[in-house]
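Values reported hereafter were calculated over all heavy atoms of this structure, with side chains retained and with hydrogens, waters and symmetry mates removed. Just so we're clear, the structure is a prediction, and the values are computed from it rather than from any experiment. Chain letters run A, B, ... following the sequence lines, proteins first and then strands; every chain starts at 1.
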Amino acid sequence: MRLSRYFLPVLKENPAEAQIVSHRYMLRAGMIKQQAAGIYSWLPLGYRVLKRIEQIVHEEQVRAGHIPLLMPTLQPADLWRESGRYDDYGQEMLRIKDRQDREMLYGPTNEEMITDIFRAHVNSYKDLPMTLYHIQWKFRDEMRPRFGVMRGREFLMKDGYNFDVDKASALHAYNRHMVSYLRTYERMGLTAIPMRADSGPIGGDDTHEFLVLAATGESEVFFDSAVTELKLGQRDVDYDDRDAVAAVCKEFTTLYARTDETHDPALFDAIPEERRKVARGIEVGQIFYFGTKYSDSMGATVVTAEGTKVPVEMGSHGIGVSRLLGAIIEASHDDKGIIWPEGVTPFPVGIVNLKQGDAAADAACNGLYKALAAKGLEALYDDRDERAGAKFATMDLIGLPWRITVGPRGLANGVVEVTSRRTGESEEMSPAAAVDRIAQIYAAHR
RNA sequence: CGGAGCGUAGCGCAGUCUGGUAGCGCACCUGCUUCGGGAGCAGGGGGUCGGAGGUUCGAAUCCUCUCGCUCCGACCA
């Protein structure tokens, strides 16, 4: 993409309403525009990151054997009357009437609807296990939306639902989700710690929240600092192997890590003092096992091998997709702007032409742009007629992790500059070597 | 929902107390000079001051009502 033809409305000054760094940078980098309290338009740059995050979530869900579908944002109230949640959910649920005066609602979550789909089509244990998920906009009419996309009223969420014949299978689905979530967050450059949590209005017995540590987090968290060292890395987990999956979960949940809701001071004090940490965290996901809560009330049953009809065992599992943008920025920025992890960056690399209109510089930039494209890497080429400082400032603000700087001075020696946004370190090399370097870096993130 | 505050040009703000016909910086447009970390000079365009009603010769400014947004708190992907 050529910047001169793109729509990237960056702001030089901080918008007054933005109090936290991710919100400020998302507005300044031209990623979002607020339309009402807690409701945002996603401008091109923000939309690209949102789609990247969505893509990673999809890939990891499919890898775990989960099946994507798409349910509507609007739901009939009757479905929620069946589970009893129409009255329980309260003011957070946006209730709407259509022209026939039928009661509708903008879905805050989809347990009822997915159960309705399941019961309509599945009757046998032979069709299980099954996990269905979608990535869809939700609406929760928060009393107090804040912090940009971190606590919006409208937000994009991945929500998945597992259906299993017995509790052991359902707990395996729970574990499978935990492992797939760990992989998902790691690919986004995040350290998200699973913490034992409280179940809230969804209801259930077992539940973990995934927290990204950040000073601006809304939850107070207590943990053994050793949990932050745990990495799933490149290990190849067989999602159908119950013991292997359970072993990973055990590894990641044995050390003490809890939110204030479930904090146990006695257990916490048993941790060696130097590893005892109290911090803030942003909740970026949550998994629940809730058994037959919905299948009982809504009549979702299967026939077992023995010929008896049993309600299916269920759980639900969510990832706050739009919130993740804020969380990633909170975890990865400096005083110049955002620093995107390679996994989620809107463009893999930026090309800065220091002297637009200079024949050699223009040709070198065009050559780099094409060579990168040939390797499947879409660069953001700043071909505006701007001064170097302005171009650098824009690149730093929007946070592309790598920058290739092209100017007449370097070209006289046959070199361009490759700069890491994270470290600020630059290295001179030939244009061809620069393309190879960038391609090599991204090979690990495909 | 309790408490606090703010709505004046795309963004950041002054002007409101003490009423007199709207201003600054950035951004935008034109020209010249500049050109490796948000350039300089000159010129230019853009606002029924959130909305409605009222007081007044006259309202961004005073009064009433209303809408919107932000922050702190209790609740939540």
Side-chain angles (χ1 to χ4, degrees), chain A residues 9-20 23-24 27-28 30 33-39 53 57 89-93 107-110 135-160 181 192 197-202 207 209-212 217-219 259-261 281-288 316-327 336-337 352-358 361 382 384-397 403 405-412 416-417 419 424 426 428:
Chain A
V10 300
L11 305 174
K12 216 164 173 177
E13 288 170 282
N14 283 323
E17 76 268 20
Q19 299 297 313
I20 68 168
H23 190 195
R24 269 208 306 274
L27 290 167
R28 283 195 52 203
K33 180 183 187 308
Q34 182 171 348
Q35 306 293 171
I39 299 176
I53 290 174
V57 171
Y89 222 93
Q91 294 288 300
E92 261 194 25
M93 179 186 281
T109 176
N110 287 63
I135 297 178
Q136 177 62 291
W137 292 94
K138 305 290 187 290
F139 196 92
R140 294 184 191 172
D141 201 355
E142 299 277 347
M143 284 177 190
R144 190 180 157 215
R146 64 188 118 165
F147 303 152
V149 300
M150 296 261 278
R151 178 162 296 287
R153 291 192 293 170
E154 187 186 50
F155 58 98
L156 189 61
M157 180 166 94
K158 172 262 162 182
D159 44 321
Y181 280 23
D198 220 25
S199 61
I202 309 268
T207 177
E209 287 179 349
F210 291 78
L211 279 292
V212 170
E218 293 187 84
S219 316
T259 65
D260 50 2
E261 293 168 345
I282 301 166
E283 188 189 338
V284 294
Q286 186 161 11
I287 55 178
F288 295 93
S316 72
H317 317 278
I319 291 180
V321 172
S322 47
R323 171 180 285 184
L324 273 167
L325 274 90
K336 291 181 194 156
V352 169
N353 187 342
L354 292 173
K355 200 169 174 71
Q356 206 67 43
D358 177 89
D382 191 346
R384 296 173 303 166
D385 187 19
E386 288 284 346
R387 298 160 63 90
K391 292 190 176 188
F392 288 141
T394 299
M395 282 293 174
D396 288 345
L397 174 63
R403 184 183 83 209
T405 310
V406 179
R409 210 162 74 195
L411 288 177
V416 296
E417 211 170 83
T419 306
S426 291
E428 291 191 337

Worked verdict on A:Gln286 versus A:Thr207 for side-chain contact (heavy atoms from CB on, under 4.5 Å): CA-CA 7 Å; A:Gln286 186 161 11; A:Thr207 177; 3.0 Å; yes

Closest listed nucleotide, where the reference is the side chain of A:Arg409 and the choices are B:rG12, B:rG36, B:rC75: B:rG36

For the student: nearest non-hydrogen atoms of A:Arg140 and A:Thr109, plus distance: NH2-CB, 3.8 Å

N/O donor-acceptor pair under 3.5 Å between A:Arg153 side chain and A:Ile39 backbone: no

Under-4.0 Å side-chain N/O to phosphate OP1/OP2 contact, A:Lys12 with B:rA27: yes

Which nucleotide in B:rG12, B:rC75, B:rG38 has an atom nearest any side-chain atom of A:Glu92: B:rC75

Touch class at under 4.0 angstrom, heavy-atom based, for A:Arg403 against every strand present: base

Inter-nucleotide P distance (B:rA77, B:rA4), Å rounded: 30 Å

Touch class at under 4.0 angstrom, heavy-atom based, for A:Ala18 against every strand present: nothing

Stepwise side-chain contact (heavy atoms from CB on, under 4.5 Å) check, A:Glu17 with A:Leu27: CA-CA 10 Å; A:Glu17 76 268 20; A:Leu27 290 167; 3.7 Å; yes

N/O donor-acceptor pair under 3.5 Å between A:Lys138 side chain and A:Gln136 backbone: yes

Gap between atoms CD and P, on A:Gln34 and B:rC6 respectively (whole Å): 19 Å

Ring-on-base stacking B:rA77 with A:Phe155 (under 5.5 Å, under 30°): yes

Watson-Crick/G-U partner (both atom distances under 3.5 Å) of B:rA14: none

Phosphate OP1/OP2 of B:rC75: any A:Gln91 side-chain N/O under 4.0 Å: no

Proximity to the side chain of A:Glu417 - top-ranked nucleotide from B:rA77, B:rG36, B:rU70: B:rG36

P gap between B:rC13 and B:rG7, integer Å: 9 Å

Sugar-phosphate only, base, or nothing, as touched by A:Gly152 at under 4.0 Å among non-hydrogen atoms: base

Side-chain donor or acceptor of A:Lys391 paired with backbone N/O of A:Asn353 under 3.5 Å: yes

Nearest-nucleotide 5' precedence on RNA chain B, A:Val406 against A:Glu209: A:Val406

Nearest-angstrom distance from the residue atom NE2 of A:His317 to C1' of B:rA77: 14 Å

Inter-nucleotide C1' distance (B:rC71, B:rU55), Å rounded: 34 Å

Candidate nucleotides B:rA27, B:rC69, B:rU34, ranked by approach to the side chain of A:Ala37 - the nearest: B:rC69

Distance between P atoms of B:rC29 and B:rG46 (Å, rounded): 16 Å

Shortest side-chain distance from A:Glu13, nucleotide among B:rG12, B:rG38, B:rA77: B:rG12

Nearest-nucleotide pick for A:Arg146, side chain only, options being B:rG38, B:rC13, B:rC71: B:rC71

Span that lies between the P atom of B:rA60 and that of B:rG54, in whole angstrom: 15 Å

Base partner of B:rG2, which must satisfy Watson-Crick or wobble distances under 3.5 Å: B:rC72

Pairing nucleotide - B:rA42, Watson-Crick or G-U, each distance under 3.5 Å: B:rU30

A:Asn110 CG - B:rA77 P separation (whole Å): 15 Å

Proximity to the side chain of A:Gln19 - top-ranked nucleotide from B:rG38, B:rU70, B:rG36: B:rU70

Protein-nucleotide distance (A:Arg28, atom CZ; B:rA27, atom C1'), rounded to Å: 13 Å

Whole-Å gap separating P (B:rC35) and CG (A:Asp382): 19 Å

Touch class at under 4.0 angstrom, heavy-atom based, for A:Gly407 against every strand present: base

Base B:rG38 to side chain A:Glu386, donor-acceptor N/O within 3.5 Å cut-off: no

Modelled atom types, side-chain donor and acceptor of A:Arg384 and A:Thr394, under 3.5 Å: yes

Spacing of A:Leu11 atom CG relative to B:rA27 atom C1', expressed in whole Å: 10 Å

Base paired to B:rG37 (Watson-Crick or G-U; both N/O distances under 3.5 angstrom): none

Nearest-neighbour nucleotide for the A:Ala16 side chain, B:rC11, B:rG38, B:rC13 considered: B:rC13

Side chain of A:Met143 - closest among B:rG36, B:rA74, B:rC71: B:rA74

B:rG23 versus B:rG47 - spacing of their C1' atoms, nearest Å: 11 Å

5'-most by nearest nucleotide on RNA chain B - A:Gly389 or A:Glu154: A:Gly389

Closest listed nucleotide, where the reference is the side chain of A:Phe147 and the choices are B:rC11, B:rC71, B:rG38: B:rC71

Sugar-phosphate only, base, or nothing, as touched by A:Ala388 at under 4.0 Å among non-hydrogen atoms: sugar-phosphate

Nearest-angstrom distance from the residue atom CD of A:Gln35 to P of B:rC69: 11 Å

A:Tyr181 side-chain N/O to A:Ile287 backbone N/O, donor-acceptor pair under 3.5 Å: no

Sugar-phosphate only, base, or nothing, as touched by A:Asp159 at under 4.0 Å among non-hydrogen atoms: nothing

Partner nucleotide of B:rA59 by Watson-Crick or wobble geometry (both distances under 3.5 Å): none

